[in-house]
Number of protein chains: 2
Amino acid sequence: MRADAARNRELILDAARNIFAARGLDAPLEEIASEAGVGIATLYRRFATREDLLAAVATRQIELFERALAKGLSDPDPWEGFSGFIRAIAEIQARLPGLAQMLMIPCHGPEDERAAAIFQGYLELVARAKKAGALRDDYVPEDLPMLLMANAGLLRETSRTAPKAWKRLVEYLLQAFRCREQQPLPSPPTPTQIRKIMSQPTD
Amino acid sequence: MRADAARNRELILDAARNIFAARGLDAPLEEIASEAGVGIATLYRRFATREDLLAAVATRQIELFERALAKGLSDPDPWEGFSGFIRAIAEIQARLPGLAQMLMIPCHGPEDERAAAIFQGYLELVARAKKAGALRDDYVPEDLPMLLMANAGLLRETSRTAPKAWKRLVEYLLQAFRCREQQPLPSPPTPTQIRKIMSQPTD
DNA sequence: CGATAAGTGGACGGGAGCCTCCACTTACTG
DNA sequence: CAGTAAGTGGAGGCTCCCGTCCACTTATCG
């Protein structure tokens, strides 16, 4: 790839992050191109479909997830590590409201190596917190995507008007995840179902 | 209004419920018109804007809410009454996935008399459950719209593939609402904020 | 520096959906 | 049973966005 093309690719990804975050995932690609200062054809040449572009943007945000995970894993208290990680992920969602949906992509399964590593690390956090008796043992890893989908729905409505509302939801859920006298829970969706959901078009 | 016009109005509302539920709130109005067997002009004459149509459909579904409320209020156990109501509302959402967002409309404040009555009844359920020491006392009425927005987000992603996933979310939240050794919660959005959110275009 | 192929911008055709307009139809009234 | 105004359908103009095409530009390499 030619040097100028590579530069443009970066410009497009920056613009896409901003526009998607501000306008939602169905923002016109033309707007992204013009924000990036390139023609629409350039964008299409790099990213044949909207999904390709979304995937590239998501991949780029993965660094934020890595930082959150590292922080969680380094916390000596298993519950603090786990809950801190959840809070951090939810906050990333909240910071980029339009991207909220999309940010679930890297966090449930092995798309690429880095995503897989994050997922592994997350499983480790879960295991530790359960072992310490802090996390209820009917918690399943799929409960995180569940939380993220729910949070995305809340953010969708509240991000403009009550930008902190998500915190309350997350705290409620964290308290529910905490080990106590538990009521039985309905069984969660299977990992296969989750995968299917994630792979379906983001409409 | 002429008799035939009234009939058509009903046909349109039926069609709108079906199409919105199946295709989402941004389904083409033309499709609704054709499902109803009327011309597009007829639809526009009755409902000048998409919002008018949505509001009319929502108003019609209000009966479901009334039934759920009556059941909750007649339950001798305050916690069962409250939690049963929440579950019922969430289930209505789940049954009409596309409408999920919209169904929050009648349930937060006095748009009309019936909606106001439901809201009052809900407050009563909350008061009873708190008094019985079953519902945590930092629960606020705005936590229901919060739950519904979150649930809408989850349904959006899962309704096709894991149509029961919402149950798990609701149970987690109900368990969190339950009175226990509580952690402090972030403060909820104010009723004013909620109202503002509800009145903004449903995009 | 000149050849060349990768890269680029913006015009353009096409499709989808919104909403209006208007000539035609039909329920109601006296 | 006629007059009338409310009601109706669907064509058509409009806007927005998609994705392609092609003549022009420019980085790179020998």
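Letters A, B, ... are given to chains in the order of the sequence lines, protein chains preceding strands, and every chain is numbered from 1.
Checking Gln175(B) against Arg178(A) by side-chain atom types alone, no donor-acceptor pair falls below 3.5 Å.
A straight line from CG of Leu11(A) to C1' of dG7(C) spans 14 Å, rounded to a whole angstrom. Nucleotide dC19(C) holds its C1' atom 14 Å from the CG atom of Asp52(B), rounded to whole Å. Rounding to whole angstrom units, CZ of residue Arg23(B) and C1' of dA16(C) are separated by 14 Å. Rounded to whole Å, the distance from CZ on Arg45(A) to P on dA6(C) is 8 Å. A straight line from CD1 of Ile12(A) to C1' of dG7(C) spans 11 Å, rounded to a whole angstrom. If you take CG of Leu53(B) and C1' of dC18(C), they are 14 Å apart, rounded to a whole angstrom.
Contact of the Arg95(B) side chain with the Leu64(B) side chain is not registered, since no non-hydrogen atoms from C-beta on lie closer than 4.5 Å. Contact annotation: the side chain of Asp143(A) never approaches that of Leu169(B) to less than 4.5 Å [non-hydrogen atoms, C-beta and beyond]. Taking 4.5 Å as the limit, some side-chain heavy atom of Lys130(A) sits within range of a side-chain heavy atom of Tyr139(A).
The structure places CZ of Phe20(A) at 4.5 Å from CG of Leu54(A), a figure rounded to the nearest 0.5 Å. Note that CD of Glu31(B) and CZ of Arg23(B) are 4.0 Å apart. Values are rounded to the nearest 0.5 Å. Here the CG atom belonging to Leu53(A) is positioned 12.5 Å from the CZ atom belonging to Arg46(A), to the nearest 0.5 angstrom.
Residues Arg60(A) and Asp14(A) are paired through a salt bridge, judged by an N-O separation under 4.0 Å between the basic side chain and the carboxylate. A salt bridge links Glu171(A) with Arg87(A): at least one charged nitrogen is closer than 4.0 Å to a carboxylate oxygen.
The minimum heavy-atom distance between Leu148(A) and Ile89(A), with the atom names listed, is CD2-CG2, 3.6 Å.
The side chain of Thr42(B) places no N or O atom within less than 4.0 Å of a non-bridging phosphate oxygen (OP1 or OP2) of dG7(D). Side-chain N/O atoms of Asn8(A) include none lying less than 4.0 angstrom from OP1 or OP2 on dG7(C).
With the nearest nucleotide of DNA chain C identified for both Gly39(A) and Ala48(B), Gly39(A) has the one nearer the 5' end.
Classification of the Phe82(B)-Tyr122(B) ring pair by plane angle, with boundaries at 30° and 60°, yields parallel.
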Considering only nitrogen or oxygen atoms on both sides, find all protein atoms under 3.5 Å from nucleotides 28-30 of chain D and state each distance.
from, atom 1, to, atom 2, distance (Å)
dT28(D), OP1, Ala3(A), N, 3.4

Within the sub-3.5 Å range, which N or O atoms of nucleotides 14-18 of chain D have a protein N or O partner, and how far apart are they?
from, atom 1, to, atom 2, distance (Å)
dC18(D), OP1, Arg50(A), NH1, 2.8
dC18(D), OP2, Leu29(A), N, 3.2

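The residue Arg46(A) sits close only to the backbone: its heavy atoms come under 4.0 Å of sugar-phosphate atoms, none of a base.
In the helix from dC1(C)-dG30(D) to dG30(C)-dC1(D), the end axes, each obtained as the rotation axis mapping the C1' atoms of four pairs onto the next four within a five-pair block, lie 10° apart to the nearest 10 degrees.
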